[in-house]
Amino acid sequence: MSDASCFEKMIGSWEGPCRTWFEPGQLTDESLVSGAIASIMEGRFLRHTYRGTLQGKDRDGEELIGFNTVTKRFQSSWIDSFHMNYAIMSSQGAAIERGFEVRGEYDVPDNPPWGWRTTYELVDEDKLIITAFNVTPDGIEAKAVETCYVRVCP
């Protein structure tokens with residue numbers, strides 16, 4: 001997909017398991033998450049809100065997603081009550097075969113910033129997988145969060 005043609009297909013209510021890893025290869029948590037993706041500003045942007053738990057504690061977040069028609073790149077801003085509870089992460093990136101991916105950075109006290117790469121893959125009309133990877137300052141990636149959404153209603 002070279003533009004925001006996937007946006008309309010992402011609109012709706014979703015739910016599914018969310019898996020979180022704090023260490024590479026070591027699953028820390030798996031819990032149900034419910035999300036809604038809405039079109040805003042005449043379809044130019046999406047608002048993704050979600051609610052779930054992480055290690056038994058409530059977790060919620062929001063993303064604004066857009067496609068910059070000048071740079072031909074996808075962009076997002078993200079806040080979350082756990083992962084991004086102290087700042088707004090801005091990310092941008094390119095289309096992939098069945099969706100798009102964006103990359104941003106987050107601050108780590110007394111260390112260089114770490115990267116965060118997120119893919120949005122529309123497997124089909126009713127399945128959306130959002131996968132985020134931690135990226136060390138040395139460029140080593142490890143899966144951090146995977147949400148396997150199934151459409152509940154359009």
Side-chain angles (χ1 to χ4, degrees), residues 1 4 6-7 10-41 44-123 127-150:
M1 292 181 195
C6 60
F7 281 9
M10 293 172 65
I11 296 168
S13 296
W14 302 85
E15 69 178 23
C18 180
R19 296 174 188 91
T20 303
W21 293 263
F22 290 158
E23 298 292 330
Q26 296 179 19
L27 183 64
T28 300
D29 184 76
E30 182 172 355
S31 56
L32 185 66
V33 65
S34 297
I37 299 177
S39 173
I40 60 173
M41 298 185 69
R44 292 190 305 268
F45 300 93
L46 295 177
R47 176 180 285 138
H48 173 212
T49 56
Y50 57 89
R51 180 172 295 275
T53 61
L54 179 62
Q55 295 184 315
K57 296 179 182 174
D58 288 342
R59 173 180 161 248
D60 61 325
E62 183 167 331
E63 296 176 285
L64 291 178
I65 302 168
F67 180 74
N68 184 322
T69 58
V70 175
T71 64
K72 306 295 186 212
R73 304 206 21 105
F74 289 87
Q75 298 176 323
S76 72
S77 63
W78 175 47
I79 55 173
D80 180 282
S81 60
F82 180 80
H83 301 282
M84 285 306 299
N85 64 1
Y86 59 89
I88 299 170
M89 181 185 294
S90 296
S91 302
Q92 63 178 333
I96 58 175
E97 185 177 340
R98 295 188 293 190
F100 58 95
E101 71 177 13
V102 293
R103 188 181 190 289
E105 289 185 339
Y106 65 95
D107 297 311
V108 178
D110 303 318
N111 286 287
W114 279 50
W116 189 261
R117 182 175 65 85
T118 307
T119 63
Y120 300 78
E121 181 185 11
L122 271 166
V123 177
K127 186 170 185 180
L128 171 63
I129 299 175
I130 303 171
T131 309
F133 300 85
N134 255 318
V135 184
T136 68
D138 297 329
I140 299 168
E141 288 192 1
K143 189 183 288 188
V145 180
E146 180 181 67
T147 303
C148 296
Y149 273 150
V150 174

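One-based numbering along the sequence shown. Given the structure is predicted, the values throughout are model-derived calculations rather than measurements.
Within the 4.5 Å cutoff, the side chain of Lys72 has heavy atoms near those of the Phe67 side chain. Within the 4.5 Å cutoff, side-chain heavy atoms of Cys18 are placed close to those of Val145. Counting heavy atoms from C-beta on, the side chains of Ile37 and Ile65 never come closer than 4.5 Å. Proximity of Gln55 to Phe22: side-chain heavy atoms (C-beta onward) are separated by under 4.5 Å at one or more points. Side-chain contact between Arg19 and Cys148 is present, with at least one heavy-atom pair separated by less than 4.5 Å.
Taking both residues in full, the closest heavy atoms of Pro17 and Glu30 are given as CB-OE2, 3.8 Å, listed atom of the first, atom of the second, then distance. The shortest heavy-atom contact between Leu32 and Gly16 is CD1-O, 3.4 Å.
Of the residues Lys127, His48, Glu15, the one that meets the side chain to side chain donor-acceptor pair (under 3.5 Å) test with Tyr149 is His48.
Separation of atoms OG1 (Thr147) and OH (Tyr50) is listed at 8.0 Å; rounding is to 0.5 Å. Atom CG of Asn85 is separated from atom CG of Asp80 by 7.5 Å, given to the nearest 0.5 angstrom. Separation of atoms CZ (Arg98) and CG (Leu122) is listed at 9.0 Å; rounding is to 0.5 Å.
Using bins of under 30°, 30° to 60° and over 60° for the plane-to-plane angle, the ring pair Trp78/Trp116 lands in the parallel bin. Between Phe7 and Phe100, the ring planes lie perpendicular to each other; the angle is over 60°, past the 30° to 60° tilted range.
For CZ of Arg51, the number of neighbouring non-hydrogen atoms (other residues, nucleotides, ligands) closer than 6.0 Å is 12 at most.
Side-chain N or O atoms of Thr136 include one that pairs as donor or acceptor with a backbone N or O of Asp138 at under 3.5 Å.
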